[in-house]
Every structure is written in C-alpha cells, then in structure tokens.
2 protein chains.
Amino acid sequence: MDAPPARKAKTLKDIAELAGVSVTTVSKVINNYSDVSESTRAKVQAIINQQAFCPDPVASSLSGKASYSIGVILRYNPVWGLHHSFFYKVMFGLGRRLGQSNYDCVVFPDAWLGEPVDYLEKCVRRRVDGVVLMGVDFDSPNLEALAQSDLPCLFIDIVGDSYPGNNGYFLAWDHQQGACQAVDYLYALGHRKIGLLGGLPNTYPARSHREAFKERLSDYGLPICEEWMVGDDFTEDSGYYAMQKILQQPTKPTAVVCQSDAAAVGALRTLERSGLKCPDDISIIGYDDIEICRYTHPALTTIRQDTLLLGRLAADTIIACIRDGSAPREQILPVSLIVRDSCRRIESHA
Amino acid sequence: MDAPPARKAKTLKDIAELAGVSVTTVSKVINNYSDVSESTRAKVQAIINQQAFCPDPVASSLSGKASYSIGVILRYNPVWGLHHSFFYKVMFGLGRRLGQSNYDCVVFPDAWLGEPVDYLEKCVRRRVDGVVLMGVDFDSPNLEALAQSDLPCLFIDIVGDSYPGNNGYFLAWDHQQGACQAVDYLYALGHRKIGLLGGLPNTYPARSHREAFKERLSDYGLPICEEWMVGDDFTEDSGYYAMQKILQQPTKPTAVVCQSDAAAVGALRTLERSGLKCPDDISIIGYDDIEICRYTHPALTTIRQDTLLLGRLAADTIIACIRDGSAPREQILPVSLIVRDSCRRIESHA
DNA sequence: CATTTCACAGAAAGCGCTTTCGTTAATTAG
DNA sequence: CTAATTAACGAAAGCGCTTTCTGTGAAATG
C-alpha cells in the first residue's frame with residue numbers, strides 16, 4: 001500500500017537545503033532583513049512559495065517572534081441570552097479571516113460570574129501577538145493589566161474614551177446612524193410620538209444611540225419625553241418592564257424604538273399581555289437583527305449589524321496593528337434598516 | 001514610582017535555582033520520572049507549588065511534549081441560524097473548564113461553504129494535544145486525514161458507528177430519552193395521534209430520536225403513521241413545509257413532536273397561517289430549548305439539553321484522553337422536559 | 001576486597017526558529 | 001597597490017523545555 005504522505009511539516013532547514021543557502025539566510029528573507037542580496041532573496045522566496053512554506057508558529061514564538069496567534073477574550077453572561085449568537089458570528093468571521101492569513105485564535109472565555117480570568121497572564125503565556133475583546137467593558141476586572149501592557153488590544157463595540165491604556169483599538173457600530181434610521185423610518189410612517197426603550201445606560205452603544213435619538217427627534221421638532229425613555233439593560237425582561245412603564249403614562253407614544261431586539265421581544269410580550277396589538281396599537285422597532293426577529297409576532301423591523309463583516313474587519317485590523325501599527329484607532333461600521341412587520345403607517349396629526 | 005511587578009514568567013531554571021537542583025531534575029519531577037528520590041521530589045514540588053509554577057506551554061510543545069492546547073473545530077452554517085448560540089455555549093463551557101486545567105483552546109472555524117480548512121494540518125502546526133469537533137459530520141472534507149492521525153478527537157452530538165478512525169470519542173445527548181419524554185408527556189395529556197417533525201434523516205440525532213419515537217409509540221399501542229412523519233432538516237423552513245404536509249393529511253395528529261426548536265417555530269408559523277391555534281388545535285413540542293422557546297407564541301414546551309454541562313464534560317473527557325486514554329469511548333447525556341404552553345390536555349378517545 | 005548493580009542527579013543535545021556577531025569577498029578610498 | 005569600508009552570508013547561541021546519556025557514590029554481590 002502507499003506510504004502515507006508523511007505529514008511532516010517542512011522546516012527552515014528543508015528550504016535552506018533546497019535553496020542551497022543557510023537557515024539564517026532563509027530566516028532573513030522571511031523576516032525582511034536587508035542584508036541579503038536581491039538575487040538570493042528571489043531564489044529563496046521562489047522555493048518558499050513553491051513549497052508553500054510557512055514558519056512554525058510555536059518555534060517562532062519561542063524565539064521571541066510572532067506567534068501567529070491572537071487571543072480572543074469572550075465574555076459570557078447568562079443574562080445576554082439571545083445575544084450570544086452575535087458573538088459567535090463575530091468570532092466566526094474573525095477566526096476564518098485570521099486563518100486565511102495563517103493566524104489562529106485562541107479563546108479565553110471569561111464568565112460574568114465566578115472567578116475572573118487573568119487576561120494578561122494568559123496572553124503572555126501563550127505569547128499571542130494581539131488581543132480581541134468582546135463583551136468586555138472598561139470596569140472588567142483584570143483589564144487594567146492588559147491596558148498597561150504593550151499588546152495591541154482590539155475592542156468590539158465599545159469606544160475608547162475612558163480606556164486606561166494606549167494600546168487600544170476600537171471597532172464599533174454606528175449606533176448614531178442606527179438611531180437616526182429608526183427615527184427617520186418612523187417619522188416617514190407618520191409617527192410623531194416616539195419612545196425609546198434603552199439598554200444599560202452607561203455603555204457606549206446605549207449612550208451614543210440615545211443621544212443621537214434625542215438629537216434626531218429635535219431635528220424633526222418632535223417632543224422629547226423623558227417618561228417615554230426607559231429601560232435598564234439590553235435584556236428581554238428589561239424591555240418587558242420598561243414597556244409597562246410606558247403604558248402607564250397618561251399619553252403614550254405611537255412607536256417605540258428599542259436598543260436591542262431582546263428588549264423589543266420583551267416589549268412585545270408586554271403589549272400582548274395588555275391586550276394591545278403591535279403594530280396596530282403601537283409600532284416597535286428593534287436593534288441588532290438577531291435570528292429571533294424573523295420569528296417574533298409580528299416579525300420585528302430592526303436595525304441590522306453585519307456580524308460576519310465585523311469579524312472579518314476585526315481580523316484585518318488586528319493584523320494591521322501587529323504588522324506595523326497602521327490600523328486606525330477607531331472604526332465605525334454602518335448599520336442598516338431591515339423592514340418587517342412591527343411598524344405601521346399612521347395618520348400624522350401634526 | 002514603583003517598578004512594575006516584572007511580568008516575567010518563571011522558568012524551570014528559576015525553580016531549579018530555588019531548589020538547588022538542576023533544570024533536568026525539575027523537569028523530571030514535573031513529568032513524573034521515576035529516577036528522582038522522594039526527598040528531592042518533595043523539595044522541588046514544594047517550590048513549584050509555592051511559586052505556582054507551570055511550565056511554558058509553547059516551549060513544552062516545541063520540545064515535543066504537551067502543548068496544553070486543544071483544537072476546536074467549529075462549523076458554521078448560515079442555515080443553522082438559531083442553533084449557533086448552542087455552539088457558543090458549548091464552546092464557552094468547554095473553554096472555561098479547560099482553562100481551569102491550564103489548557104487553552106484554539107479554534108479553527110470551518111465554513112459550510114467556501115474553501116474547507118485542512119483540520120489536521122492546522123492541528124499539527126499548532127501541536128494541539130487533542131481536538132473537539134462541533135457541527136461536523138462524517139462526510140466533512142478533510143476529516144479523513146484527522147481520523148488517520150493519532151490525535152484524540154472528541155465529537156459532539158454524533159456517535160461513532162461509521163467513524164473511519166480509532167481515535168474517536170463521542171459525547172452526545174440521549175435523543176432516545178428525549179423522544180420518550182416527549183411521547184410520554186403527550187400521552188399523559190391524552191394524545192393518541194402523534195406526529196413527528198424530523199430533522200436531517202441520516203444524522204445521529206435524527207435517527208436515534210426517530211427510532212425511539214416509533215418504539216415508544218408502539219409501546220403505548222399507538223399508531224405509527226408514516227404520513228405524520230415528515231421533515232427534511234432541522235431548520236425553521238423545513239418545519240414550516242413539513243407542517244403543511246401534515247395538515248394536508250385526511251386525518252391529522254393531535255400533537256407533533258419536533259426534532260428541533262427551529263422546526264417547531266416553523267411549524268407554529270404554518271399553524272398560524274392556516275388559522276389554527278397551538279395548543280388548542282394541535283400541540284407542539286420542540287427540541288433543544290434554545291433561547292427562542294421562551295419567546296414564541298405560545299412559549300414552546302421542549303426538551304432541554306444542558307449545553308454548559310456538555311462543554312464542561314467535553315473538557316474533562318478530552319483531558320482524560322490525553323492524559324491516559326482513560327475516557328469512555330462514548331458518553332450519552334440525559335435531557336429533560338421543559339413544560340411551557342404549547343401542549344394541552346385533550347380528551348383521549350381511546 | 002574487587003566487582004557488578006542500582007538509585008539518583010546533572011550535562012548536553014535537540015525541537016525550529018531568530019538574531020547577533022564574525023567572516024569573507026567585493027568595493028572604494030588614500 | 002594597499003588600507004579601509006561595505007555587502008552578503010553563515011556559524012553559533014539562545015528561547016524554555018524534554019530526553020537521552022553519562023557519571024557518581026552507595027549498596028549488593030561474588
């Protein structure tokens with residue numbers, strides 16, 4: 001029978017022999033040293049390409065160079081429930097794009113409750129070249145240590161105002177645009193009394209969304225009613241109770257924009273229990289476009305964030321940081337309105 | 001100002017000096033070599049414990065020993081939609097438990113479409129000590145190579161009948177129990193005509209569930225009606241169309257057990273469009289207990305699989321494989337019935 | 001008492017790579 | 001034409017660990 005195709009990875013030495021040079025020289029062409037002539041560089045590079053050679057990442061890390069691995073800090077909060085698939089997709093997009101550049105990602109899960117993990121220690125141990133953080137906020141324990149290090153840190157959906165380090169990069173959605181799209185759409189449908197069902201107030205997404213929301217309202221000359229702006233966090237329960245509060249108001253909004261789909265789902269539940277119908281009695285617009293939107297009742301009009309895209313961009317960004325620090329400090333991604341059945345046109349009595 | 005606390009990891013050498021022995025000896029006590037006396041072993045071990053020393057994983061891998069990392073193959077299929085949070089949770093439970101044993105996991109995402117990744121090559125490159133595979137079936141490309149290797153492979157929710165290797169371990173849910181619980185529950189509610197809304201027929205979960213379902217039906221002396229057993233895969237769409245077929249039958253079941261929550265959601269949609277009500281006209285029972293169940297209309301009675309538990313068990317299993325191959329080849333986890341609002345009691349006309 | 005065994009510890013090589021430094025040959029300067 | 005410079009390459013040490021092999025003194029054997 002055929003001998004199995006000897007799954008032995010090629011080494012620098014193999015390349016060196018094929019090219020008739022020393023390992024040193026091969027290493028030098030890989031690492032772009034200047035003291036190698038154009039002719040030998042070309043010769044060696046040709047062999048490298050032909051053999052599809054790629055230096056061993058663990059050997060490379062051991063000798064203090066790139067490990068071709070990036071750390072991914074995942075936060076898990078049982079309360080997020082519906083939001084986990086969001087992270088999964090980002091991570092997937094990220095990992096896949098990294099893989100294409102021969103990077104791999106090693107994930108460090110950190111639970112919301114229970115013993116927090118020491119990010120930096122883990123990252124140093126694994127010699128990762130950079131870190132991507134999801135679901136992490138600035139008061140997370142152990143973040144400080146990471147911030148003091150010189151590892152490039154890419155934060156997802158958070159922005160760097162109060163970050164206690166200078167190694168931070170930030171990739172976030174344009175929640176201002178999201179707020180505007182929601183308001184614009186409702187306004188166009190004739191709504192003039194619009195409430196906000198907010199998420200955790202002091203987070204970047206909630207804050208930027210809320211401010212843009214209010215500003216947009218005043219752009220249109222619409223009333224900004226604090227009693228219509230409620231909500232504690234991004235969960236379904238929060239949406240449930242917040243909607244109850246709104247319904248207790250003497251005059252009610254005709255539409256409510258939510259800061260998460262989960263909260264919107266909670267709001268729908270409140271409506272249903274109150275014998276009200278969406279969108280007949282009140283229009284609801286969600287945020288995130290998680291899977292569930294297509295299956296709610298009615299299907300939820302919402303603002304979509306392209307998670308796979310975010311993941312890919314995260315990969316490109318962190319690699320750029322590592323290579324030459326050439327990544328933009330802050331990137332804001334557009335979002336888009338997805339129209340389903342939870343908003344209706346009404347007669348504006350303006 | 002204080003010097004930063006020198007985040008330099010300790011090395012074997014440090015320990016050796018503290019203990020007054022050679023690095024060799026320290027290494028030997030760590031790796032349980034027999035040629036070290038009890039007294040020195042104790043002395044060295046004391047220092048190791050006191051310093052909380054843990055050998056550098058990348059150096060360790062380079063020299064051909066444990067890398068303290070395990071590879072996680074993640075499959076992504078846009079069609080799975082709702083199922084992704086399932087994987088996320090398993091991965092989280094897995095990663096966290098692994099971390100507690102000083103293992104880390106490096107994830108290799110593999111897309112359903114597009115260029116498949118070469119598992120084995122990636123795993124060898126990273127020198128992982130073992131592999132956990134999720135969402136992978138036996139006809140996945142590149143799986144063969146992995147199977148031929150001697151890396152321990154732990155498969156999630158699939159069972160090893162047709163696995164082309166002898167390095168496979170399997171961790172799956174007890175779908176037979178799941179089927180029985182559903183049938184038992186419906187029977188107790190008075191249902192005597194029960195249909196099945198199935199998933200991808202030739203997968204382990206669907207097959208074992210289906211067989212147990214039929215068997216349980218005949219245990220009760222209930223009719224097994226092939227026209228009531230439909231469905232192509234686990235998706236919402238599949239459930240949607242399958243339910244339509246069921247409704248076209250001359251005599252209809254009073255209850256339908258589904259092989260996934262997503263399919264159940266699709267079935268609910270069909271009912272709604274047909275002007276039928278669940279559970280009044282027909283009872284539905286889902287499978288998986290994904291987040292969405294609490295938010296459907298009515299809330300879905302279903303069979304829960306404890307994903308975090310599965311993740312933790314996966315970690316324990318793969319570590320046991322690595323340490324001494326002492327893990328059971330196949331483990332089947334119990335599932336549990338979660339009663340919500342989608343099944344009603346009916347008068348049995350038995 | 002001389003010799004073989006054995007238990008124990010350390011020296012050294014090696015994993016695949018990076019990087020410093022030395023060496024040679026070609027080039028320029030004096 | 002010799003001395004100083006530079007360009008191009010390779011030898012070798014080192015990253016932190018494992019493992020083999022060698023060496024020592026003590027115990028056991030004849």
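Here is the naming used below: chain letters follow the sequence lines, and residue numbers restart at 1 for every chain.
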note: Leu62(B), atom CG; dC17(D), atom C1'; distance rounded to Å ~ 8 Å
With sequence neighbours left out, the residues meeting salt bridge (charged side-chain N to carboxylate O under 4.0 Å, His left out) with Arg97(A) are Asp316(A)
Sorted by chain and residue number, the side-chain hydrogen bond (donor to acceptor under 3.5 Å, both in side chains) partners of Ser27(A) (sequence neighbours excluded) come out as none
Take the C1' atoms of the five end pairs on each side of the helix from dC1(C)-dG30(D) to dG30(C)-dC1(D), derive the two axes, and give their angle rounded to 10 degrees. 60°
Looking at Phe170(B), is Arg329(B) sitting on its ring face, NZ or CZ under 6.0 Å from the six-membered ring centre and within 45 degrees of the normal? no
Provide a list of protein-nucleic acid N or O atom pairs under 3.5 angstrom, restricted to nucleotides 19-24 of chain C.
residue: dT19(C); atom: OP2; partner: Tyr33(A); partner atom: OH; Å: 2.9
residue: dT19(C); atom: O5'; partner: Tyr33(A); partner atom: OH; Å: 3.4

How would you list, by chain and number, every residue that makes a side-chain hydrogen bond (donor to acceptor under 3.5 Å, both in side chains) with Asp35(A), sequence neighbours excluded? Lys28(A)
For residues 56-63 of chain B, run the donor-acceptor check on the side chains, cut-off 3.5 Å, and write out each pair with its distance to 0.1 Å, sequence neighbours left out.
residue: Asp56(B); atom: OD1; partner: Arg127(A); partner atom: NH1; Å: 3.2
residue: Asp56(B); atom: OD1; partner: Val58(B); partner atom: N; Å: 2.8
residue: Asp56(B); atom: OD1; partner: Ala59(B); partner atom: N; Å: 3.2
residue: Asp56(B); atom: OD2; partner: Arg127(A); partner atom: NH1; Å: 2.5
residue: Asp56(B); atom: OD2; partner: Arg127(A); partner atom: NH2; Å: 3.0
residue: Ser60(B); atom: OG; partner: Ala66(B); partner atom: O; Å: 2.6
residue: Ser61(B); atom: OG; partner: Pro57(B); partner atom: O; Å: 2.5
residue: Ser61(B); atom: OG; partner: Val58(B); partner atom: O; Å: 3.3
residue: Ser63(B); atom: OG; partner: Ala59(B); partner atom: O; Å: 3.2
residue: Ser63(B); atom: OG; partner: Ser60(B); partner atom: O; Å: 3.2

Let me check something: any side-chain donor-acceptor pairs from residues 145-160 of chain B under 3.5 Å, sequence neighbours excluded? List them with distances.
residue: Gln148(B); atom: NE2; partner: Glu144(B); partner atom: OE2; Å: 3.3
residue: Ser149(B); atom: OG; partner: Leu146(B); partner atom: O; Å: 2.7
residue: Ser149(B); atom: OG; partner: Leu151(B); partner atom: N; Å: 3.2
residue: Asp157(B); atom: OD1; partner: Trp173(B); partner atom: N; Å: 3.4
residue: Asp157(B); atom: OD1; partner: His175(B); partner atom: NE2; Å: 2.9

Which residues pass the side-chain hydrogen bond (donor to acceptor under 3.5 Å, both in side chains) test with Arg126(B), not counting sequence neighbours? Asp104(A)
According to a strict under-4.0 Å criterion, is Thr40(B) in side-chain N/O contact with OP1 or OP2 of dC8(C)? no
Taking only residues at least two apart or on different chains, which pairs with a member in residues 41-50 of chain A satisfy salt bridge (charged side-chain N to carboxylate O under 4.0 Å, His left out)? Glu38(A)-Arg41(A)
Quick one: which residue pairs count as a salt bridge (charged side-chain N to carboxylate O under 4.0 Å, His left out) with a foot in residues 11-26 of chain A, not counting sequence neighbours? none
For residues 41-61 of chain A, which residues have at least one heavy atom under 4.0 Å from DNA chain D? none
Partner set under side-chain hydrogen bond (donor to acceptor under 3.5 Å, both in side chains) for Tyr103(B), not counting sequence neighbours: none
